[in-house]
Amino acid sequence: MFTSVLVYHNGCTSVTSVRPDAHLSDFKQNLAKQTGVPAAEQVLLCCGRQLESGPVLPQVPAGCIVSLLSRLRGGSSTINVTLQPRVQKDKWSMYWKESMATKTEASESIALVADVNTKVSALQQHVAEQLGWASLDKLERLEGFSDPWEFAVCRGRPVNLGASLQENGIMTDAVITVVRRVLIPDAWKNIDELKASNDDSTTDEDQDDF
């Protein structure tokens with residue numbers, strides 16, 4: 001007889017069936033098929049404790065949810081990291097060559113376990129892959145824009161993407177906000193057109209983004 005176990009992963013809760021005699025390795029293989037996360041990269045938590053080798057069901061009290069985290073391997077010292085993805089849309093003036101308005105869109109947080117030697121850029125890339133963000137070389141760099149396409153913030157401070165978590169002073173469980181910028185070109189390219197924009201009949205198809 002199978003037992004149903006609730007599993008939380010990447011903002012979604014699903015049900016998986018577990019045999020009474022199933023061990024952790026069996027459970028992970030089953031989850032790998034369901035989620036696409038390789039068994040070797042899985043970290044399973046229940047009631048604040050990590051599941052250990054051996055039978056699964058005795059470690060999962062009835063009604064408790066098992067959280068599946070993705071491990072970014074690279075060493076032995078690991079911490080729990082919650083990534084908060086954000087897309088910052090800048091309405092870029094083709095005349096003034098600067099951002100005239102900004103809108104930020106948030107996505108579901110991504111929880112994982114990362115080695116402290118993992119570079120923040122690898123975490124950023126992980127987010128991009130998970131959310132299907134376009135590669136940086138596909139983004140349109142409009143005239144006058146010279147800032148980085150991506151940046152990150154942790155505990156109110158900027159994070160160096162090219163450095164590791166440890167080098168950034170992140171040695172304990174942390175929440176990191178990772179931001180991708182996207183430029184929305186403003187239709188007005190010269191001052192005459194800008195003045196003409198006062199006409200109520202004039203519309204900008206990009207306005208819906210703000």
- Message: Could you walk me through whether Asp26 and Val18 satisfy the side-chain contact (heavy atoms from CB on, under 4.5 Å) test, starting with their C-alpha distance in whole Å, then the side-chain angles of each, then the deciding distance to 0.1 Å, before giving a yes or no?
- Response: CA-CA 9 Å; Asp26 304 319; Val18 182; over 6 Å; no

- Message: Could you report the tightest heavy-atom contact between Leu57 and Pro20, atom names first, then the distance?
- Response: CD1-CA, 3.7 Å

- Query: According to a 4.5 Å side-chain heavy-atom criterion applied to Ile, Leu, Val, Met, Phe, Trp and Tyr, with indirect links allowed, do Trp133 and Leu112 form part of one hydrophobic cluster?
  - Reply: yes

- Heavy-atom nearest pair, Arg180 first then Ala134, reads NH1-O, 2.8 Å

- Message: Counting C-beta onward and ignoring hydrogens, is there a side-chain heavy-atom pair between Met171 and Leu165 closer than 4.5 Å?
- Response: no

- Task: Flag the pair Val56 / His23 as yes when at least one side-chain heavy-atom distance between them is below 4.5 Å, and no otherwise.
- Result: no

- Task: For the residue pair Ile79 and Val113, establish whether any side-chain heavy-atom pair is separated by less than 4.5 Å.
- Result: no

- Knowing that exactly one of Thr35, Thr3, Val5 qualifies, which makes a side-chain contact (heavy atoms from CB on, under 4.5 Å) with Thr16? Val5

- Start with the C-alpha distance between Val7 and Ile65, add both sets of side-chain angles, then the distance that settles side-chain contact (heavy atoms from CB on, under 4.5 Å), and finish with yes or no. CA-CA 6 Å; Val7 178; Ile65 297 177; over 6 Å; no

- Query: Less than 4.5 Å apart, any side-chain heavy atom of Tyr95 and any of Asp186?
  - Reply: no

- Message: With heavy-atom distances below 4.5 Å as the criterion, would you say the side chains of Pro61 and Cys46 are in contact?
- Response: yes

- Item | Separation of Asn80 CG from Leu45 CG (nearest 0.5 Å) | 6.5 Å

- Decide whether Leu83 and Leu131 are clustered together by the hydrophobic rule: side chain heavy atoms of Ile, Leu, Val, Met, Phe, Trp, Tyr closer than 4.5 Å, transitively. yes

- Message: I'd like to know if Val179 and Ile170 are part of one continuous hydrophobic network [Ile/Leu/Val/Met/Phe/Trp/Tyr, side-chain heavy atoms within less than 4.5 Å].
- Response: no

- Message: I need the minimum non-hydrogen distance between Pro148 and Arg181, along with the two atoms involved.
- Response: O-CD, 3.8 Å

- Taking atom CH2 of Trp149 and atom CG of Asp137, what is their separation to the nearest 0.5 Å? 11.5 Å

- Message: With side-chain contact (heavy atoms from CB on, under 4.5 Å) as the criterion, how do Asp173 and Val81 come out once you've worked through the C-alpha distance, each side chain's angles and the decisive distance to 0.1 Å?
- Response: CA-CA 6 Å; Asp173 295 355; Val81 177; over 6 Å; no

- Note on the structure: For Lys97 and Trp92, the nearest pair of non-hydrogen atoms, with its separation, is O-CZ2, 3.2 Å

- Message: Are the side chains of Phe151 and Gln88 in contact, using a 4.5 Å heavy-atom criterion?
- Response: yes

- Query: Hey, are the side chains of Leu183 and Glu140 touching, using non-hydrogen atoms and a 4.5 Å cut-off?
  - Reply: no

- What distance separates Ser109 OG from Ile176 CD1, expressed to the nearest 0.5 Å? 12.0 Å

- Taking 4.0 angstrom as the limit, do Lys89 and Glu105 come out as a salt bridge? yes

- Message: Please say yes or no: joined through hydrophobic side-chain contacts below 4.5 Å, possibly via intermediate residues, are Val43 and Val37 part of one cluster?
- Response: no

- Message: A quick test of your reading: do over 12 heavy atoms of other residues, nucleotides or ligands sit less than 6.0 Å from CD of Glu129?
- Response: yes

- What's the shortest heavy-atom distance between Ala174 and Arg155, and which atoms? CB-NH2, 3.5 Å

- Taking atom types as modelled and ignoring hydrogens, do the side chains of Thr102 and Asp90 form a donor-acceptor contact shorter than 3.5 angstrom? yes

- Query: Is a donor on one side and an acceptor on the other found under 3.5 Å between the side chain of Gln130 and the backbone of Val127?
  - Reply: no

- Candidate pair Gln42 and Leu31, rule side-chain contact (heavy atoms from CB on, under 4.5 Å), full reasoning: CA-CA 9 Å; Gln42 295 178 19; Leu31 291 178; 3.8 Å; yes

- Working to the nearest 0.5 Å, report the span between CD of Gln84 and OG of Ser107. 11.0 Å

- Message: Does Lys28 have more than 12 heavy atoms from other residues, nucleotides or ligands lying within 6.0 Å of its NZ?
- Response: yes

- Message: Tell me the closest heavy-atom pair linking Ala152 and Gln124, and the distance in Å.
- Response: CB-OE1, 4.2 Å

- Query: At what distance, to the nearest 0.5 angstrom, does OG of Ser93 lie from CD1 of Ile184?
  - Reply: 14.0 Å

- Query: Taking the side chain as C-beta and beyond, is there a heavy-atom pair between Gln166 and Asp115 under 4.5 Å?
  - Reply: no

- Donor-acceptor pair, side chain of Gln34 and main chain of Asn30, under 3.5 angstrom: no

- State yes or no: do Val60 and Leu24 share one hydrophobic cluster built from I, L, V, M, F, W and Y residues joined by side-chain heavy-atom distances below 4.5 Å, directly or via other members? yes

- Query: Applying the side-chain contact (heavy atoms from CB on, under 4.5 Å) test to Arg86, which of Thr177, Val153, Val178 qualifies?
  - Reply: Thr177

